[in-house]
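For the numbers below, each heavy atom of this structure counts, side chains included, while hydrogens, waters and symmetry mates do not. Order of appearance sets the numbers: ligands from 1, and atoms from 1 within every ligand. Heads up: numbering here begins at 1 and tracks the sequence.
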Amino acid sequence: MARERAGARPLELSGFREDVVAGLSHPQKSLPPKYFYDAAGSRLFARICRLPEYYVTRAELALTRRHLAAIARFAGRGCQLIEYGSGEGIKSRLLIRALRPSVYVPIDISAHALGAAARGLAREFPWLRVVPVAGDFSRPIDIPVRHGKPGVVYFPGSTIGNLTPEEAHAFLCMTRDQAERLLVGVDLKKDANVLHAAYNDSRGVTAAFNVNLLARINRELGGDFELSAFAHYAFYNVPLGRIEMHLVSLRRQTVRVAKRRFGFERGESIHTENSYKYSAEEFQALAARAGYAAKKLWEDRQGLFALHGLQAR
Ligand code: SAH
Ligand code: AVI
């Protein structure tokens, strides 16, 4: 697999066309969720984080604030801090203040979110060395850290839940070679009604986030998706322990993308995202299979969200 060099040109678009054509060619049409995050998608995600129904961000922020001293002791002050899927970096600020890392390496596929966050951090923490890396963590990434130095990988927000368990395993194996400790935020299993509300908000921001993927295909790949002919659909798949997001075709239609034609039956869907929810024990077992020992577990007071402190064995 191709390796990305640190500081290389943003690879936001590499493979986009191929992945879209391949995904729309399957019997169950699908699109990889990593393509949600163009500039418009990153802005919509920032709005999702502030929605009353989307408890995820608030719960993780609350637990991070509450246990910050213990989290910093586990991570190690003055270490190299590597963050995957850093986005706008709301939680990163708490960690940076508490850890005073020797270097902060935010990694994100969204050059837009990464640039805005890095500029904000440089203003807020003038003493901090920030080395942003635009890249895709679903492939091996070379990151500019010194091997043999104490380091921690931070992967908040339950972005790991957007990977299949097999992809999550591959990700955990990759990070094991980058730092000896891992802090990973994971959404917990809970009442399906709470989950349903979080992914079907009353203002329609999640729906707009989902439909923006088609708008992005139109903008960047010359597609002709009629946005009003697709509806957001999200439900909790209990046996698989995951929220599934789909875009459902409201009528029989044909769409052109990259000089190809794709037929849709009325009611046929494109599967756009999974968001796996793990009990603490389920996630610890997944981490153990990738060579991590569970050392710490922090939860918010309502038991909605977990932050795992893991140590590479
Ligand atoms: N960590 C932030 C943002 C979570 S949103 C929080 O907790 O609120 C998920 C972030 O991961 C987005 O910024 C998105 O651009 C990034 N992302 C998603 N898939 C990615 C991939 N394959 N490689 C790198 N970054 C990715
Ligand atoms: C980034 N990720 C963890 C979000 C989630 O909850 O799965 C993305 C999202 N999709 C819809 N709402 C939020």
**Student:** With heavy atoms under 4.0 Å as the rule, classify the contact between N162 and ligand 2 as side chain, backbone, both or neither.
**Tutor:**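 It is the side chain that gets close, since no backbone atom is under 4.0 Å.
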**Student:** For T206, state whether at least one heavy atom is located under 4.0 Å from any atom of ligand 2.
**Tutor:**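 Within the 4.0 Å threshold, so yes.
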**Student:** Is the distance between the ring centroids of Y84 and Y154 under 6.0 Å?
**Tutor:**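 For Y154 and Y84, the ring centres are not under 6.0 Å apart.
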**Student:** Hey, is Y276 touching ligand 2 through its side chain, its backbone, both or neither, going by heavy atoms under 4.0 Å?
**Tutor:**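 Neither part.
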**Student:** For ligand 1, indicate whether the residue T159 contacts it via side chain, backbone, both or neither (heavy-atom separation under 4.0 Å).
**Tutor:**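 For T159, the contact with ligand 1 is made by the side chain alone.
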**Student:** Between Y37, Y199, F45, which one has a non-hydrogen atom sitting closest to atom 12 (N) of ligand 2?
**Tutor:**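 Going through Y37, Y199, F45 one by one, Y199 has the nearest heavy atom to atom 12 (N) of ligand 2.
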**Student:** Extract all donor-acceptor atom pairs below 3.5 Å that involve side chains of residues 69-83 and protein atoms in other chains or at least two apart in sequence.
**Tutor:**
residue : atom : partner : partner atom : Å
R77     : NE   : A98     : O            : 3.4
Q80     : OE1  : R146    : N            : 3.0
Q80     : NE2  : R146    : O            : 3.0
E83     : OE1  : S92     : OG           : 2.8
E83     : OE1  : Y104    : OH           : 2.7
E83     : OE2  : S92     : OG           : 3.4

**Student:** Checking salt bridge (Lys or Arg N to Asp or Glu O under 4.0 Å) between E282 and each of K189, R289, K277, R242, which is the one that passes?
**Tutor:**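 One option only clears the test, and that one is K189.
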**Student:** Pairs of nitrogen or oxygen atoms closer than 3.5 Å, one from F45 and one from ligand 1: do any exist?
**Tutor:**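 Not met; the criterion fails.
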**Student:** Tell me whether ligand 1 is touched by A113 - counting only heavy atoms on the residue side and a distance under 4.0 Å.
**Tutor:**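 The answer is no, since A113 has no heavy atom less than 4.0 Å from ligand 1.
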**Student:** With no hydrogens and no angle check, is any side-chain donor or acceptor of N218 less than 3.5 Å from a backbone partner on F225?
**Tutor:**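 Side chain of N218 to backbone of F225: a pair is present.
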**Student:** Does the ring center of F305 lie less than 6.0 Å from the ring center of Y55?
**Tutor:**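 Centroid distance F305-Y55: not below 6.0 Å, so no.
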**Student:** Of the side chain and backbone of Y84, name the one, both, or neither that has a heavy atom under 4.0 Å from an atom of ligand 1.
**Tutor:**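 None of Y84 does.
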**Student:** Counting only heavy atoms, which portion of P33 has something under 4.0 Å from ligand 1: side chain, backbone, both, or neither?
**Tutor:**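 Looking at P33 and ligand 1, no heavy atom falls under 4.0 Å.
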**Student:** Counting both backbone and side chain atoms, is some N or O of D108 under 3.5 Å from an N or O of ligand 1?
**Tutor:**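 Checking ligand 1 against D108, an N or O pair does fall under 3.5 Å apart.
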**Student:** Can you confirm whether or not the ring centre of Y199 sits under 6.0 Å from the ring centre of F235?
**Tutor:**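 So the answer is no for these two rings.
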**Student:** If you count the atoms of ligand 2 from 1 in the order shown, which ones are under 4.0 Å from a heavy atom of T159?
**Tutor:**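 Heavy-atom distances to T159 below 4.0 Å select 1 (C), 3 (C).
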**Student:** Is there a path of hydrophobic side-chain contacts, each under 4.5 Å between heavy atoms of I, L, V, M, F, W or Y residues, that connects L227 with L250?
**Tutor:**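 Looking at the clustering, L250 is in a separate group from L227.
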**Student:** Where the closest heavy atom to atom 2 (C) of ligand 1 is concerned, which of G85, A134, G185 has it?
**Tutor:**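 Residue with the shortest heavy-atom distance to the ligand atom: G85.
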**Student:** Of all the heavy-atom pairs spanning A198 and Y54, show the shortest one and how long it is.
**Tutor:**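 So the minimum-distance heavy-atom pair works out to O-CD1, 3.7 Å.
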**Student:** Does the ring center of Y276 lie less than 6.0 Å from the ring center of F283?
**Tutor:**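 No - the distance between ring centres of Y276 and F283 does not fall below the 6.0 Å cut-off.
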**Student:** Could you establish whether G135 and ligand 1 come within less than 4.0 Å of each other, counting only heavy atoms on the residue side?
**Tutor:**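 It does; at least one heavy atom falls under 4.0 Å.
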**Student:** Report the part of F137 (side chain from C-beta onward, or backbone N, CA, C, O) that has a heavy atom under 4.0 Å from ligand 1; answer both or neither where that applies.
**Tutor:**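 It is both backbone and side chain that touch ligand 1.
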**Student:** Report yes if some N/O of Y37 lies less than 3.5 Å from some N/O of ligand 1; otherwise report no.
**Tutor:**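 No.
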**Student:** With backbone taken as N, CA, C and O and side chain as the heavy atoms from C-beta onward, which portion of K91 lies under 4.0 Å from ligand 1: side chain, backbone, both, or neither?
**Tutor:**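 Only the side chain of K91 comes within reach of ligand 1.
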**Student:** Where does F36 meet ligand 2, judged by heavy-atom distances below 4.0 Å: at the side chain, the backbone, both, or neither?
**Tutor:**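 Contact part for F36 vs ligand 2: neither.
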